[in-house]
Amino acid sequence: MNEDELLRAVGRLPRSIEPPRDLWPGIEPRLQRRRHWYWIPLAVAAVLALVVIARSIQTQPAWDVTMLAGRPLLGNTRLAASGRLRVGDWLQTDDSSRALIAIGHIGQVEVKPGTRLQLVAARRDDHRLALARGGIDATVDAMPRLFFVDTPAGTAIDLGCAYTLETDSLGNGRLHVTRGEVEFETGPRSSRVLLGAIIQTRPAIGPGIPYVEDAPAPLARALVAFDFENGGARAARTILALARAQDAMSLWHLLQRVDPTLRAMVYDRLAALVPPPAGVTRSRAIALDSRALEGYWTKIHNIQFRRIVLRGVREIDPRTGTTRRHE
Amino acid sequence: MAPPDDLVARAQAGDQTAFRDLYRQHVGRVYALCLRLTGNSGDAEERTQDVFVRLWDKLRTFRGESAFSSWLHRLVVNVVLNERRTTGRRERRVALAEDPDSVVGAQHAAPLHQSAGLSIDLERAIAELPEGAREVFVLFDIEGYAHAEIAELVGIAEGTSKAQLFRARQLLREKLAG
């Protein structure tokens, strides 16, 4: 057979060949099954979508709010007894109202009269309020750096503590720590505020140098002048002249903020009031070596805690943190 | 039975009765192609069923840009070739002596005529071709595909398609001459 004969034979092949048996019975059930299967994933997806939406509504971050006095305004609604503060919601109190906010499961915030604040974040690792004006008393019992309050002058970062934070309508603020420690931060500038200490804050400048609550008024005024009124070297010298051993926390901050030419003077005054711990040298401290500064801070921190916690129980030497012996 | 276009439209709308009529109209062509591409009646029956199940799913994508029979034809080729690629199955030709009924051409519905004997011999010879040569021969010489199309469908170079065709024709001539 040559190729032409082959191709002619191919041309005569039937185009259609009936199968030896009816194949439809094997096809029809698969069509029905497939049609069902076509809808099952869609139905499952729809149910899942509904579940996810319902759960997201239920679990949408929100904190409980309880009215303490008056009729605080939660969003656009007057709070009768309690409500839920959701992310983005504002809570406002007038002159005669107060409210209590549960900070997730880590603490609470009492909202003072004349306050306006917003819930910014309610995540496990970021519990955040924005305080536009007014005052709050915050109490947190959690790991450090889980609770934050944004203000016009910066952010108060909880380090495991209780504090009062106030902000006026111009954004000027004041932070008073009553337990633990708080860091107040604005960009690169930060202040560490220990138990029993206060800072002033200003918008666009940030936190001032902290001072203990029993600091002499002239010292507090000198610190304000240095921080917010361009007091410069003159204010710094006034601070050094007025500082006591109890004010070591202020001098530790001042050391890092004065003109470098004044650092030695600040260090010497600080060392004279509270001797540096072992391992902290003058040169390293003046060079703002972080390890030296941290070592010094630990000592100042411990003295301040003993001084406040044992107040009325024992007299603590503010130079060393040890109990004073009376002759 | 309704006109083909009407059947297609109704089947597209989910009318299973129309789809069954569509099956009746086209099953012969589909089975013939499956039989020649697989070389085995058992495989051809399975692939034919697969084709119609696939057609049920794909029917809504048919937009009438070509004749329905051409579109279906391409679907058959794709189903058969995809099945071969995914399962990696080797050709399972059945020995003529062992199972004469499964031999390609043994069940022709077309009436026998003078050349019927040659046709049956040719069907058998095609079924016995090596897989690659058979596919190219069926697609080119029987179904009228171009080498470029075959190359794309089968996943081979165009030159390979031509070589397989040459080989297939040569093998067939030898078988039919013997």
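The shown structure was predicted, so the numbers you read here are calculated from the model rather than taken from an experiment. Chain letters run A, B, ... following the sequence lines, proteins first, then strands; residues in each count from 1.
- To the nearest 0.5 Å, the span separating CZ on Arg54(B) from CD1 on Ile27(A) amounts to 14.5 Å.
- By the 4.5 Å heavy-atom criterion applied to side chains, Pro19(A) and Thr48(B) are not counted as neighbours.
- Looking only at distances, a side-chain donor or acceptor of Tyr23(B) sits under 3.5 Å from a matching main-chain atom of Leu23(A).
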Practice task
Step by step, work out the side chain to side chain contact (heavy atoms under 4.5 Å, CB included) result for Asp50(B) and Arg30(A).
Solution key: CA-CA 9 Å; Asp50(B) 291 345; Arg30(A) 291 170 70 187; 3.0 Å; yes

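- Across Asp141(B) and Val10(A), no two heavy atoms sit closer than the pair O-CG1, 3.5 Å.
- The local environment of CG in Asn76(A) is sparse, with at most 12 non-hydrogen atoms from other residues, nucleotides or ligands closer than 6.0 Å.
- Residues Arg24(B) and Asp22(A) are paired through a salt bridge, judged by an N-O separation under 4.0 Å between the basic side chain and the carboxylate.
- For the atom pair CZ of Arg20(B) and CD of Glu28(A), the computed distance is 7.0 Å after rounding to the nearest 0.5 Å.
- For Asp137(A), the CG atom counts as densely surrounded, since its 6.0 Å shell holds more than 12 non-hydrogen atoms of other residues, nucleotides or ligands.
- Within residues 72-80 of chain B, no residue has any heavy atom under 4.5 Å from a heavy atom of chain A.
- Within the 4.5 angstrom heavy-atom criterion, atoms from both the backbone and the side chain of Phe52(B) approach chain A.
- The environment of Glu158(B) atom CD is dense: over 12 non-hydrogen atoms of other residues, nucleotides or ligands sit within 6.0 angstrom.
- Between Ile126(B) and Leu13(A), some side-chain heavy-atom pair lies under the 4.5 Å cut-off.
- The existence of a salt bridge linking Glu18(A) and Arg29(B) is excluded, since no basic side-chain nitrogen approaches an acidic carboxylate oxygen closer than 4.0 Å.
- Between Tyr31(B) and Pro20(A) the shortest heavy-atom distance is OH-CD, 3.3 Å.
- Counting only heavy atoms from C-beta outward, the side chains of Leu122(B) and Leu6(A) approach each other to under 4.5 Å.
- Listed here is the closest heavy atom pair of Ile17(A) and Glu123(B): CD1-OE2, 4.0 Å.
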